[in-house]
Undergrad: 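Below you will find the structure I want to go over with you.
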Amino acid sequence: MEKKNLDWSNLPFGYIQTEKRFVSNYKNGAWDDGVITEDANITLNECAGVFQYAQTVFEGLKAYTTEEGKIVCFRPDLNAERLATSAKRLEMPVFPEDKFIDAVVEVVKANAAYVPPYGSGATLYIRPYMMGTNPVIGVKPADEYQFRIFCTPVGPYFKGGVKPLTIKVSDFDRAAPCGTGHVKGGLNYAMSLHAIVTAHEEGFDENMYLDPKTRTYVEETGGANFIFITKDGKLVTPKSDSILPSITRRSILYVAKEYLGMEVEERKIPLSEVSEFAECGLCGTAAVISPVGKIVDHGKEICIPAGMTDMGPITKKLYDTLTGIQMGRIEAPEGWIKEIC
Ligand code: PLP
Ligand code: COI
């Protein structure tokens, strides 16, 4: 298969329309088999549930070319599971988890020419999502839904490569008023757009959100979870019901413990403790692991010792091990890598 002629090493984190996507419709209480189609556009009624009550949710995962030249994706079963949890929270029908994985495989296979080559620094970002499609005017869930998956080749989410990020302690709360922590997409991201625009206008890369109730504990950022490394080399990450249960973070916890023999802790982290840490990073599918150099709390600067000019040494070890597993350089734990072709 011939690859597309793209400048793989200089791709932004953006949308490049590929030829094929997967579409399945839910009607009369059942999902159809779904098809691969070339039509990137969606035509819906003006009163569709997605437009009126934002009944929509998404997932995000990536496909990689391994060192051996295979195309694989990383733990799609966990995206299928999280989408099911999100769908239930939004009163949407669950897209069957096994069919989700099959559909991811089908879409990536159909777009194999867009999967960036090994070593290019780019990956194929896969975006499964679903929405209420029939007209609803009273406040209630739709009866009909569409599930789609498109993909797009992407470069790094944060510009500047490994240059550590500067983030601000946000005045905004992470979750929507009704609390949608476990919903990736829909309500909570719309509510976060103003906060991210404000942070960018002020020159910050991201927001650090605090717990909405006491505003004293670290939660997450707009598009990634936090990891911290203590001065004695322990991995610490926030425990909270209102942050997205990041698949990357869960994988890093395992890698730290089982591959690197590190001590790991998932617990509440007061903002006042952040200045004590040696390293800080943001983790997620898009962010992978991006180092944080500075956190600004209303004018007060917290400088992370290891991270002002480069990725801290332990963060780098975690990054190398995680991406090594994803790209086939390091043996993966059972079930983490789904081979596509
Ligand atoms: N938190 C938020 C708000 C996100 O948008 C993401 C993005 O994916 C994550 C965390 C990381 O989750 P995952 O590692 O499953 O991609
Ligand atoms: C992802 O990492 O998959 C996300 O959804 C994050 C988003 C900011 C692109």
Side-chain angles (χ1 to χ4, degrees), residues 11-16 56-64 73-86 89 100 104 122-130 149-159 165 167 170 172-176 179-193 195-197 199-200 204-212 218-227 237-256 266 280-290 292 318-319 322-323 325-326 336 338:
L11 290 180
F13 191 89
Y15 173 68
I16 295 173
T56 177
V57 65
F58 70 89
E59 270 300 322
L61 68 159
K62 280 177 172 173
Y64 310 83
C73 65
F74 185 67
R75 310 190 77 179
D77 52 321
L78 297 188
N79 295 95
E81 183 185 283
R82 192 170 58 191
L83 183 70
T85 310
S86 297
R89 179 64 181 79
F100 175 102
V104 166
T123 50
L124 187 77
Y125 186 70
I126 306 162
R127 177 51 65 90
Y129 61 115
M130 53 196 270
I149 308 179
F150 70 81
C151 53
T152 179
V154 294
Y157 186 66
F158 292 109
K159 290 171 210 74
L165 307 170
I167 64 178
S170 184
F172 298 100
D173 288 337
R174 173 72 189 95
T180 55
H182 284 212
V183 180
K184 187 165 185 175
L187 302 171
N188 57 354
Y189 281 70
M191 293 302 292
S192 75
L193 295 179
I196 191 81
V197 168
H200 286 166
F204 296 102
D205 296 300
E206 253 293 6
N207 283 291
M208 168 186 271
Y209 293 106
L210 302 178
D211 75 292
V218 176
E219 293 255 289
E220 62 173 338
T221 65
N225 280 183
F226 277 106
I227 55 169
T237 174
K239 188 175 177 64
S240 161
D241 289 338
S242 58
I243 63 175
L244 192 84
S246 158
I247 294 164
T248 314
R249 178 174 54 97
R250 284 181 269 164
S251 304
I252 291 169
L253 282 172
Y254 184 90
V255 160
E266 210 180 341
C280 171
L282 304 186
C283 69
T285 299
V288 193
I289 303 180
S290 302
V292 174
L318 290 166
Y319 178 91
L322 178 72
T323 54
I325 289 170
Q326 289 166 335
W336 279 26
K338 175 80 187 167

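Counting convention: from 1, in listed order, for ligands and their atoms alike. The analysis underlying the following values was restricted to heavy atoms, covering all of them including side chains, and did not include hydrogens, waters or symmetry mates.
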Undergrad: Is it the side chain, the backbone, both or neither of Ser246 that has a heavy atom closer than 4.0 Å to ligand 1?
TA: both

Undergrad: Report the residues that fulfil side chain to side chain donor-acceptor pair (under 3.5 Å) with Tyr157, sequence neighbours left out, ordered by chain and then residue number.
TA: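 Result, side chain to side chain donor-acceptor pair (under 3.5 Å) vs Tyr157: none returned.
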
Undergrad: Once you restrict to heavy atoms under 4.0 Å, what part of Arg127 touches ligand 2? Side chain, backbone, both or neither.
TA: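 Side chain only.
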
Undergrad: Within ligand 2, which atoms have a heavy atom of Gly223 less than 4.0 Å away?
TA: 6 (C), 8 (C)

Undergrad: Determine, using heavy atoms of Arg82 and all atoms of ligand 1, whether some pair is separated by less than 4.0 Å.
TA: yes

Undergrad: Say whether Arg127 and Tyr129, considering side chains only, have a donor N or O and an acceptor N or O under 3.5 Å apart.
TA: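 Looking only at side-chain atoms, Tyr129 and Arg127 do not form any donor-acceptor pair under 3.5 Å.
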
Undergrad: Using only atom types and a distance under 3.5 Å, with no angle test, would you say the side chain of Arg82 pairs donor to acceptor with the backbone of Glu59?
TA: no

Undergrad: Give yes or no for whether the N/O distance cutoff of 3.5 Å, strictly under, is met between Tyr157 and ligand 2.
TA: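 No, there is no polar N/O contact under 3.5 Å.
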
Undergrad: Just by distance, do the side chain of Thr248 and the backbone of Ile289 share a donor-acceptor pair under 3.5 Å?
TA: no

Undergrad: Please could you name the atoms of ligand 1 that Gly222 approaches to less than 4.0 Å, counting only its heavy atoms?
TA: 3 (C), 5 (O)

Undergrad: Evaluate Ile243 against Arg249 for side-chain contact (heavy atoms from CB on, under 4.5 Å), listing each step before the verdict.
TA: CA-CA 11 Å; Ile243 63 175; Arg249 178 174 54 97; 4.0 Å; yes

Undergrad: Can you list the ligand 1 atoms lying under 4.0 Å from a non-hydrogen atom of Tyr189?
TA: 2 (C), 3 (C), 4 (C), 5 (O)

Undergrad: What do you reckon, does Glu59 put a non-hydrogen atom under 4.0 Å from ligand 2?
TA: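 Under 4.0 Å: no for Glu59.
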
Undergrad: Any N/O of Ala286 closer than 3.5 Å to an N/O of ligand 2?
TA: yes

Undergrad: So for ligand 1, is Arg249 a polar contact partner (N or O within less than 3.5 Å, distance only)?
TA: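 N/O-N/O distance under 3.5 Å: no.
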
Undergrad: Name the option, out of Cys283, Gly223, Ser251, that contains the heavy atom nearest to atom 6 (C) of ligand 1.
TA: Gly223

Undergrad: Check ligand 2 against Thr285 and write out every atom of the ligand that is under 4.0 Å from a heavy-atom position of the residue.
TA: 1 (C), 2 (O), 3 (O)

Undergrad: Could you give the distance from CZ (Phe172) to OG (Ser192), rounded to the nearest 0.5 Å?
TA: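 So the gap between those two atoms works out to 11.0 Å.
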
Undergrad: Under the 3.5 angstrom rule, does the side chain of Glu206 hit a backbone N or O of Gly223 as a donor-acceptor pair?
TA: yes

Undergrad: Can you sort out which atoms of ligand 1 are near Glu220, meaning under 4.0 Å from one of its heavy atoms?
TA: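 Selected atoms, number and element: 1 (N), 2 (C), 3 (C), 10 (C).
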
Undergrad: Under a 4.0 Å heavy-atom limit, does Thr221 contact ligand 1 with its side chain, its backbone, both, or neither?
TA: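 Answer for Thr221: backbone.
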
Undergrad: So, the side chain of Thr237 versus the backbone of Glu266: is there a donor-acceptor pair under 3.5 Å, distance only?
TA: no

Undergrad: Would you mind running through ligand 2 and noting each atom that sits below 4.0 Å from a heavy atom of Phe58?
TA: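 Numbered from 1, ligand 2 contributes 5 (O).
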
Undergrad: I'd like to know whether CZ of Phe204 has more than 12 heavy-atom contacts from other residues, nucleotides or ligands below 6.0 angstrom.
TA: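 Yes.
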
Undergrad: Please confirm whether the backbone N or O of Ala195 pairs with a side-chain atom of Asn207, one donor and one acceptor, at under 3.5 Å?
TA: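 Confirmed, Asn207 side chain pairs with Ala195 backbone.
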
